[in-house]
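A quick write-up on the structure given underneath.
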Amino acid sequence: GAPLTGAEAQALAERKEVRNRWLLLSPTLLIICGIGIMPLGIIIGYSFMEKGDYSGVSWGFTWEAWINVFLERDIFDDTLGWNQAHITILLRSIGLALLTMVATLLMGFPTAYFIDTRPEEQKNLWLFLIAHPFFTNILVRTFAMMLMLRDDGYINNVLMLVGVINEPLELIYTNT
């Protein structure tokens, strides 16, 4: 063919660069699909299968599992009614998720702004101080939170010592 012009050569080089980036990304994308998306797809697929005779599932299609998320069958006359427990749990979960999102935004933006406005040589230190607790195992963090929140935990002891409360607050195993 004819020799390439400058613009055509640049466009060809950009396409080659994009292709190379996708090739370099492909192992990571395969791992993400294999570890994350594929098992979720299997679980969703199983949710549409019929219950087996003794255990497991059989290869028939049914909506029964998804109907049971919001409705429940009466054991005597097989009529459907609202499953109040599931609906309450779903609404509580959505409410807590929204509250967590708002609290995270209200704390996260000022924190990010604070770090961004620090001198360049201090930014890494502040990021490290913010991220450091996440280096601790989740189990250790959970037990530490339980120690702080239980009835005879640090928070209740300090509040009673200062005189803010007379008896321990129930902080653990609540929405709070």
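Start at 1 with the first residue, then count along the sequence. Only a predicted model underlies this, so the values are computations on that prediction, with no experimental measurement involved.
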Between the CZ atom in Arg118 and the CG atom in Leu127, the distance rounded to the nearest 0.5 Å is 12.0 Å
Could you grab the distance from atom CG of Leu71 to atom CD of Glu64, nearest 0.5 Å is fine?
9.5 Å
Salt bridge (charged side-chain N to carboxylate O under 4.0 Å, His left out) partners of Glu167, counting only residues at least two apart:
none
Using the salt bridge (charged side-chain N to carboxylate O under 4.0 Å, His left out) criterion, which residues pair with Arg150? Sequence neighbours excluded.
Asp152
Give me the other members of the hydrophobic cluster that [X] sits in, counting Ile, Leu, Val, Met, Phe, Trp and Tyr linked by side-chain heavy atoms under 4.5 Å, directly or via other members.
X: Phe76; value: Ile75
X: Leu161; value: none
X: Val158; value: Leu139, Phe143, Met145, Met146, Leu147, Met148, Leu149, Tyr154, Ile155, Leu159, Met160, Val162, Val164, Ile165, Leu169, Leu171, Ile172, Tyr173

What do the steps show when you test Asn83 against Asn68 for side-chain contact (heavy atoms from CB on, under 4.5 Å), and what is the final call?
CA-CA 8 Å; Asn83 190 330; Asn68 289 336; 5.9 Å; no
If you look only at pairs with a residue in residues 120-145, which of them pass as a salt bridge (Lys or Arg N to Asp or Glu O under 4.0 Å), with sequence neighbours excluded?
Asp116-Lys123, Glu120-Lys123
Taking side-chain hydrogen bond (donor to acceptor under 3.5 Å, both in side chains) as the cut-off, I'd like each qualifying pair that reaches into residues 90-110, sequence neighbours left out, listed once.
none
ring-ring contact (aromatic ring centres under 6.0 Å, His included) contacts touching residues 84-120 (sequence neighbours left out):
Phe114-Trp126
Would you please name every residue forming a side chain to side chain contact (heavy atoms under 4.5 Å, CB included) with [X], sequence neighbours left out?
X: Phe61; answer: Phe48, Trp63
X: Met101; answer: Leu98, Leu105
X: Asn20; answer: Lys16, Leu23

Do [X] and [Y] have side chains that get closer than 4.5 Å, going by heavy atoms?
X: Val18; Y: Arg21; result: no
X: Val140; Y: Asn137; result: yes
X: Arg73; Y: Leu80; result: yes

In the single-linkage hydrophobic clustering (I, L, V, M, F, W, Y; side-chain heavy atoms under 4.5 Å), do Trp66 and Val57 co-cluster?
no
Are Val69 and Tyr46 grouped together when hydrophobic residues (ILVMFWY) are joined by side-chain heavy atoms under 4.5 angstrom apart?
no
Please list every donor-acceptor pair under 3.5 Å in which a side-chain atom of residues 28-45 meets a protein atom from a residue at least two apart or in another chain.
none

Give me the atom names and distance for the closest heavy-atom approach of [X] to [Y].
X: Ile87; Y: Trp82; answer: CD1-CE3, 3.6 Å
X: Asp151; Y: Pro168; answer: O-CB, 3.4 Å
X: Pro3; Y: Glu8; answer: O-OE1, 4.4 Å

Using a 6.0 Å cut-off, check whether atom CD of Gln122 has over 12 heavy atoms from anything other than its own residue.
yes
Quick one, Arg19 with Glu14, criterion salt bridge (Lys or Arg N to Asp or Glu O under 4.0 Å). Give me CA distance, side-chain angles, the key distance, then yes/no.
CA-CA 9 Å; Arg19 188 189 72 225; Glu14 287 177 9; over 6 Å; no
